[in-house]
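First listed ligand is number 1; within each ligand, the first listed atom is number 1.
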Amino acid sequence: MFDFWQRALIYPLTILLVSLLLWSILGALPAALFFGCAILLRLLFNLHKLGALEFWSLSPDTRNVPEDSGLWEDVFTRLNKMMRKRREEREKYATALHQIEQATSALPEGVVILDDADHVEWCNPLAETHFGLDSVRDVGQQITYLARQPEFVQFLAVANYAAPLILRGTRQDELVLSIKVVPYGINKKLLISRDITQLERIETMRRDFVANVSHELRTPLTVINGFVETLQDMSQLDNDMARRALDLMGDQARRMEGLVNDLLTLSRLENTNNTLAEEVVNVPLLLKSIQQEGQALSAGKHMMTLELDSTAKLQGNTAELRSAFGNLVSNAVRYTPQGGAIIIRWGEHVNGALKFSVRDSGIGVAPEHIPRLTERFYRVDRSRSRETGGTGLGLAIVKHIVSRHQGHLEIVSEEGQGSTFSIVFPAKRHLE
Ligand code: ADP
């Protein structure tokens with residue numbers, strides 16, 4: 001501060017001293033003239049510096065800050081320092097941003113940042129490929145305007161991001177994308193796309209393979225089964241050994257037939273092109289016939305009752321529902337010891353939903369197994385499942401059918417006490 005006053009006063013004081021000296025030698029007029037001119041010159045000089053500052057501030061350039069060694073030195077030096085610091089910070093942020101950009105570019109997934117109205121704010125190169133975006137040209141554009149597939153538009157509109165969207169044939173017809181949306185900040189979204197074309201191809205191959213193998217096995221099995229049955233029916237066949245062998249062959253062939261049939265059913269259900277053929281399903285009527293089949297399977301070993309608490313019909317597919325209900329009833333029979341009770345029930349659930357349930361007093365399932373029961377070939381007791389003619393695919397089939405009807409499967413069970421398997425159908429499928 002002292003330095004500033006020293007520099008600020010030195011010039012006027014010098015003028016004053018020189019003017020006083022001139023006054024004493026040449027008189028008042030020349031001294032006053034000199035004083036006036038010198039002050040005017042100083043004023044013009046300051047105005048010039050102010051002008052330079054004003055001019056510079058119009059388009060500030062850190063490399064081009066005005067310079068001075070006099071009174072303005074402090075101002076310009078500080079300005080210079082400030083500008084240098086700003087430049088360094090800007091360079092630091094630019095480097096950090098560049099690094100983030102490089103990292104996101106190297107991500108094996110496409111990333112798009114969307115604002116609260118789904119406008120593109122930024123995207124990485126992979127997202128450009130996936131959605132055919134241009135990271136410069138398309139900034140500010142609505143994403144649904146650029147990627148217009150109806151499923152994608154609906155996915156964003158419904159805003160239920162719990163499960164990823166599988167999008168087929170985006171830009172290139174072959175491409176299959178798995179799209180996830182992660183909301184963050186204030187109404188912002190991160191759209192993450194993953195190319196699952198290869199995975200899908202393998203999955204299709206697996207499905208086709210199972211379907212083809214099952215199909216190929218079915219014909220020879222039917223033939224073998226036919227011959228075994230014919231031989232079993234032959235009255236002349238009195239060799240005990242041969243009869244036992246035939247019975248065994250018959251059992252195994254039927255088991256394989258059951259397995260092949262279940263595999264075919266599963267692959268049909270998994271086929272994405274196979275949409276649900278909707279019709280009006282008279283569930284009470286269907287259940288009466290399922291109860292009869294269950295009783296035939298039980299062969300009088302269980303007490304089986306049907307409780308029809310509702311006459312409601314269902315919008316769905318009769319054959320698929322017959323398979324799902326039948327599987328659950330057959331399980332109840334197979335996993336309930338002789339003398340046990342089985343109750344089949346059809347009734348209203350909350351908010352117009354409908355519920356089918358099968359309750360048994362059978363062997364039950366320990367809690368750790370329950371979440372895995374619908375996996376293919378998952379069995380709590382393999383030998384019991386086999387003995388009773390199980391394939392390990394029944395609940396997997398039920399799960400598929402239930403999801404094709406937008407319902408859900410509920411399993412309540414206690415080991416040694418019995419189980420209740422229920423299917424809840426949404427109200428939109430409820431028909432009076
Ligand atoms: P499986 O052909 O073996 O019965 P499922 O897929 O129908 O195949 O059922 C899977 C497993 O779930 C069965 O092996 C059995 O351990 C268990 N399970 C299914 N239903 C019942 C039930 N009502 N009571 C007890 N366990 C059951």
Peer 1: Heavy-atom contacts under 4.0 Å between Tyr378 and ligand 1: side chain, backbone, both, or neither?
Peer 2: backbone
Peer 1: Could you check atom 16 (O) of ligand 1 against the protein and tell me its nearest heavy-atom contact, residue, atom and distance included?
Peer 2: Val380 N, 3.1 Å
Peer 1: For atom 1 (P) of ligand 1, which of the options Arg334, Arg359, Lys399 provides the nearest non-hydrogen atom?
Peer 2: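 Looking at heavy atoms only, Arg334 sits closest to atom 1 (P) of ligand 1.
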Peer 1: Would you check whether Asp360 reaches within less than 4.0 Å of ligand 1, judged by its heavy atoms?
Peer 2: yes
Peer 1: Among Ile397, Asn331, Ile342, which one puts a heavy atom closest to atom 20 (N) of ligand 1?
Peer 2: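 Closest candidate by heavy-atom distance is Asn331.
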Peer 1: Check ligand 1 against Leu373 and write out every atom of the ligand that is under 4.0 Å from a heavy-atom position of the residue.
Peer 2: 10 (C), 12 (O), 17 (C)
Peer 1: Specify the protein heavy atom at minimum distance from atom 26 (N) of ligand 1: its residue, its atom name, and the distance to 0.1 Å.
Peer 2: Val365 CG2, 3.4 Å
Peer 1: Would Ala396 count as a polar contact of ligand 1, with the cut-off being nitrogen or oxygen pairs under 3.5 Å?
Peer 2: no
Peer 1: Kindly write out the residues that satisfy salt bridge (Lys or Arg N to Asp or Glu O under 4.0 Å) with Asp195, not counting sequence neighbours, or none if the list is empty.
Peer 2: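 Asp195: no salt bridge (Lys or Arg N to Asp or Glu O under 4.0 Å) contacts found.
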Peer 1: Would you call Arg322 and Glu293 a salt bridge, using N to O less than 4.0 angstrom?
Peer 2: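 Result for this pair is yes, salt bridge flagged.
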Peer 1: For ligand 1, which atoms, with element, lie under 4.0 Å from some heavy atom of Thr391?
Peer 2: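 What qualifies from ligand 1 is 2 (O).
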Peer 1: Can a donor-acceptor pair be found between the side chains of Glu257 and Asn225 at a distance below 3.5 Å?
Peer 2: yes
Peer 1: Could you tell me whether Arg334 and Glu387 have a side-chain N and a carboxylate O separated by less than 4.0 Å?
Peer 2: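 No, no charged N to carboxylate O under 4.0 Å.
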Peer 1: Salt bridge check, Glu278 against Arg429: does any charged N sit closer than 4.0 Å to a carboxylate O?
Peer 2: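 Yes, charged N to carboxylate O under 4.0 Å.
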Peer 1: Around atom 13 (C) of ligand 1, find the nearest protein heavy atom and jot down its residue, atom name and distance.
Peer 2: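 Of every protein heavy atom, Tyr335 OH, 3.3 Å lies nearest to atom 13 (C) of ligand 1.
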Peer 1: Give the residue, atom name and distance (to 0.1 Å) of the protein heavy atom nearest atom 6 (O) of ligand 1.
Peer 2: Leu395 N, 2.8 Å
Peer 1: Quick one: which of Glu375, Glu368, His369 gives a side chain to side chain donor-acceptor pair (under 3.5 Å) with Arg372?
Peer 2: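 Looking at Glu375, Glu368, His369, the match for Arg372 under the side chain to side chain donor-acceptor pair (under 3.5 Å) is Glu375.
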Peer 1: Under 3.5 Å, which donor-acceptor pairs link side chains of residues 340-355 to any protein atom two or more places apart or in another chain?
Peer 2:
residue : atom : partner : partner atom : Å
Arg345  : NE   : Asp309  : OD2          : 2.5
Arg345  : NH2  : Asp309  : OD2          : 2.8
Trp346  : NE1  : Ala312  : O            : 3.1

Peer 1: Could you tell me which atoms of ligand 1, counted from 1 in the order shown, lie closer than 4.0 angstrom to a heavy atom of Gly390?
Peer 2: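 Reading through ligand 1 atom by atom, the close ones are 2 (O).
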Peer 1: Below 4.0 angstrom, N of the basic side chain to O of the carboxylate: do Lys189 and Asp118 qualify?
Peer 2: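 Judged by the 4.0 Å cut-off on N to carboxylate O distance, Lys189 and Asp118 do form a salt bridge.
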Peer 1: Determine the interplanar angle of the His405 and Phe425 rings, folded into 0 to 90°, and report it as parallel if under 30°, tilted if 30 to 60°, perpendicular if over 60°.
Peer 2: perpendicular
Peer 1: Among all protein non-hydrogen atoms, which one is nearest to atom 3 (O) of ligand 1, and what is the separation to 0.1 Å?
Peer 2: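 Among all protein heavy atoms, the one nearest atom 3 (O) of ligand 1 is Ser385 OG, 2.6 Å.
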Peer 1: Regarding atom 2 (O) of ligand 1: of the candidates Gly392, Ser413, Gly394, which has the closest heavy atom?
Peer 2: Gly392
